[in-house]
Number of protein chains: 2
Amino acid sequence: MIQERDQRLLDPEAHLLIVEDDGEMRALVARLLREAGFRVSTARDGREMFEVINDAITPPDLVVLDVMLPGVSGFDLCRRLRAQSQVPIIMLTARADETDRVVGLEIGADDYVAKPFAPREFVARVRALLRRTMMDPGDSVAKARRLIFAGWSLDLKARELTSPAGVIVDLSGAEHDLLLAFLEHPQRVLSREQLMEVAKRRMSVDTSDRAVDVQVSRLRRKIEPDETSPAIIKTVRGSGYVFVPPVTRE
Amino acid sequence: MIQERDQRLLDPEAHLLIVEDDGEMRALVARLLREAGFRVSTARDGREMFEVINDAITPPDLVVLDVMLPGVSGFDLCRRLRAQSQVPIIMLTARADETDRVVGLEIGADDYVAKPFAPREFVARVRALLRRTMMDPGDSVAKARRLIFAGWSLDLKARELTSPAGVIVDLSGAEHDLLLAFLEHPQRVLSREQLMEVAKRRMSVDTSDRAVDVQVSRLRRKIEPDETSPAIIKTVRGSGYVFVPPVTRE
DNA sequence: TCGGTTGGCTGCAAGTTTGTGACAAAACAT
DNA sequence: ATGTTTTGTCACAAACTTGCAGCCAACCGA
């Protein structure tokens, strides 16, 4: 009881999206979570899911995704969702298969619950995940208008990069995303996988590592003062790349 | 196979702490996670756990906590740990009791795994949680972590070694790993085998002891002030090497 | 002091990793 | 549809890493 109230206060306004084709199940899960104090939206399939995510006034803070959906599989949806968002995902499945769970977790789900599930545990897992994700400032970077580094300035809204001399340098989409990935995590070695994950363009899982190298190469050509010895994006042999200069928001 | 390698790169440097009283189980979990590419420390009980958390040179990025411990219960430890840290916690229990799981999750654990668990799923859950926590800035995990010794400073995230004079010294992968092994166990004689164990990023099992000597030699050349008489890494004839200066975290 | 053992270090070759031009597929704009 | 831009992949050279052999120095016990 006390827990109920405390938790409710802990996750105020949290908005959940349930993606589940079976009406009965959908209603059950929705009721369960509403009773736990969450705001709940539902979707029947991938199309509706993306509709809610892209068009809703308040995008969901967490997605509960059924694996068995008509048409596209929940795994595919999970992958596609991850490609465009870091929203926490709990997968739900009738199959208790372990391989299934591992695959789910590896393609980006945060938790995996098998049906039939115990209501209280399910809610507890939703809360645990929300607690972990909502305490983070989240897209602190996204709130900033522009990011400054080494005299350069990246306008996030306009997607416009200005050189120290004040010249506007055009960046392609992938270049912009890659640079942003670096700016979000400066002074930290980022593996090619991490870069791909953060620079979520439409990169599917099967894109090769070398694509990152090429993009880094192209980006360097635009922002490195001295082409022969990179001072901004350094290579860490065997591990990945690191963005050296400090980044400030403004 | 590919997943293994990719995932390994995804969480470079991650340091896990296993709290488990049963020796066999502890060894099993530790081996499992080491094989998955993590750095692993272990603790037998709450006292040891807090010792590692507060005194270890590199604090853990994630804690695996057994519920059944002698003395204080794992739940209490979890609560006490949460009171002072936001480190991600995975609870481990022999009891598959649902109430148990709910309690665990509600008092602050991030995930809850019942024994016996499927190894791959367990590792997948560890990774899923690390993925969620290590990327987001703001957490203790994301803070720049550097180790100081004899005026030198090693930035773990950027993999950057700075000399007392402020010059950045490049380290190869093996050199970095070797140095880290020393920094984590200063003032302790480390055998060549132990050093190889830690710096085994690419070292096969059959590499000769002398390889360590050579790496030590190369490392010395970079950090020893006086080449003729090593003051930082001393040789202990017949046993191995010792890292002499005190190491502090900052 | 002397022989045997252990460790330090150099040169090197093999293996790995990375940078980048070229090309083709894909996406995009007109 | 058509031309332009973007982007992933390939290929290959260049750069880097690293284990090892081997020689020499330091060390140790008798």
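Residue numbering restarts at 1 for every chain, and letters A, B, ... go by the order of the sequence lines.
- Put simply, the side chain of B:Arg220 gets close to the backbone of B:Ile233: a donor and an acceptor are under 3.5 Å apart.
- Here D:dT7 is the nucleotide among C:dG7, C:dG19, D:dT7 with the atom lying nearest to any side-chain atom of A:Gln215.
- Rounded to a whole Å, the CG atom of A:Leu195 is 12 Å from the P atom of C:dT18.
- A straight line from CG of B:Asp170 to P of D:dT18 spans 13 Å, rounded to a whole angstrom.
- A donor and an acceptor atom never sit less than 3.5 Å apart when one is taken from the side chain of A:Arg218 and the other from the base of C:dG19.
- The phosphate of C:dT17 (OP1 or OP2) has no side-chain N or O of A:Tyr241 nearer than 4.0 angstrom.
- In this structure, the CG atom of B:Asp226 is 15 Å from the P atom of C:dG8, given to the nearest Å.
- Distance, A:Arg221 CZ to D:dT6 C1': 14 Å, rounded to whole Å.
- The distance from atom CD of B:Glu175 to atom P of C:dC9 is 14 Å, rounded to the nearest whole Å.
- Closest to the side chain of B:Ala211, from the set D:dT7, D:dT18, D:dC20, is D:dC20.
- Panel note: side chain B:Arg26, backbone B:Glu20; a donor-acceptor pair is recorded below 3.5 Å.
- One interatomic measurement links the two molecules: CG of B:Leu178 to P of D:dT18, which rounds to 11 Å at whole-angstrom precision.
- At the heavy-atom level, A:Val214 lies under 4.0 Å from base atoms of the strands shown.
- A salt bridge between A:Asp213 and A:Arg192 is present, with a side-chain N of the basic residue lying under 4.0 Å from a carboxylate O of the acidic one.
- Residues passing the side chain to side chain contact (heavy atoms under 4.5 Å, CB included) test with B:Arg237, sequence neighbours excluded: none.
- Side chain B:Arg237 to base C:dT5: a donor-acceptor pair is found below 3.5 Å.
- The side chain of B:Ser217 contributes an N or O atom lying less than 4.0 Å from OP1 or OP2 of C:dC9.
- Listed candidates were D:dT7, C:dT20, C:dG8. Nearest to the side chain of A:Asp213 is C:dT20.
- As rounded to whole Å, 12 Å separates atom P of C:dT20 from atom CD1 of A:Ile233.
- The phosphate of C:dG8 has OP1 or OP2 within less than 4.0 Å of a side-chain N or O from B:Thr235.
- Contacts of B:Glu184 classified as side chain to side chain donor-acceptor pair (under 3.5 Å), with partners at least two apart in sequence or in another chain: B:Arg39, B:Thr58.
- In this structure, B:Leu219 places its CG atom 12 Å from P of C:dG8, rounding to the nearest Å.
- For A:Arg210 against C:dG19, a side-chain N or O and a base N or O form a donor-acceptor pair under 3.5 Å.
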